[in-house]
Amino acid sequence: DENSCSKMSLEEAERGVSFVKYGRNGKPHVRRVRYDGINRVLLWRDPKRENERERSILLSSTTKVLEGCNTRVFKKYSKRLEGNNDLCFSVVQIGKGSRSLDLEASSIEERSRWVQFLRSM
């Protein structure tokens, strides 16, 4: 239940956290994900590579935040993710060139806090 968890502050979101990121290609891998409030984007990169250019997805009126394993990318990993549906969420850009950022949190509370924060943006 979203109200039972504490709200995440903007500072926490800007500091970021490590999630397991699922992609169209390759194995799932750990990525440091953070929010950039000035540009309204989510940024991510390999936490071991400080100098690596961050990838991004714009948060806009055409962005949806979905709870669970509901994207095409997650469907590819359904066996691996069995029982972890409550840890997963996706940031989906709708429309031309649609894409998704598919993440697995380390706890249900962490997922709920990020989903709640992103939906409020």
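Remember, predicted model here, so these are calculated numbers, not experimental data.
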**OP:** Determine whether Y22 and W44 fall in the same hydrophobic cluster, where Ile, Leu, Val, Met, Phe, Trp and Tyr are linked whenever their side-chain heavy atoms lie under 4.5 Å apart.
**Re:** no

Original post:
Is a side-chain donor or acceptor of Y77 paired with a backbone partner of G23 at a separation under 3.5 angstrom?
Top reply: yes

**OP:** Output, in order, the C-alpha distance, side-chain angles, deciding distance and verdict of side-chain contact (heavy atoms from CB on, under 4.5 Å) for W114 and L103.
**Re:** CA-CA 11 Å; W114 275 86; L103 303 169; over 6 Å; no

Original post:
When clusters are formed by joining ILVMFWY residues with side-chain heavy atoms under 4.5 Å apart, either directly or through shared neighbours, do I94 and V115 land in the same one?
Top reply: no

Subject >> With E54, the side chain to side chain contact (heavy atoms under 4.5 Å, CB included) member among R32, R45, R31 >> reply: R45

Subject >> Any side-chain heavy-atom pair of Q116 and K7 under 4.5 Å >> reply: yes

**OP:** From the options N39, L118, V41, select the one residue that forms a side chain to side chain contact (heavy atoms under 4.5 Å, CB included) with L59.
**Re:** L118

**OP:** Spell out, as yes or no, whether a donor-acceptor pair under 3.5 Å connects the side chain of R40 to the backbone of M121.
**Re:** yes

**OP:** Could you pull out the closest heavy-atom pair between S107 and L87, with the gap in Å?
**Re:** C-CD2, 3.4 Å

Original post:
Is there side-chain contact between L81 and F74, with at least one heavy-atom pair below 4.5 Å?
Top reply: yes

Subject >> Full working for side-chain contact (heavy atoms from CB on, under 4.5 Å) between L58 and Q93 >> reply: CA-CA 8 Å; L58 179 66; Q93 276 185 334; 3.5 Å; yes

Subject >> Gap between atom CG of D102 and atom SG of C69 - 0.5 Å precision >> reply: 9.0 Å

**OP:** Answer yes or no: is there an ion pair linking R113 with E12, defined by an N-O contact shorter than 4.0 Å?
**Re:** yes

Subject >> Within 6.0 angstrom of R55 CZ, more than 12 heavy atoms from elsewhere >> reply: no

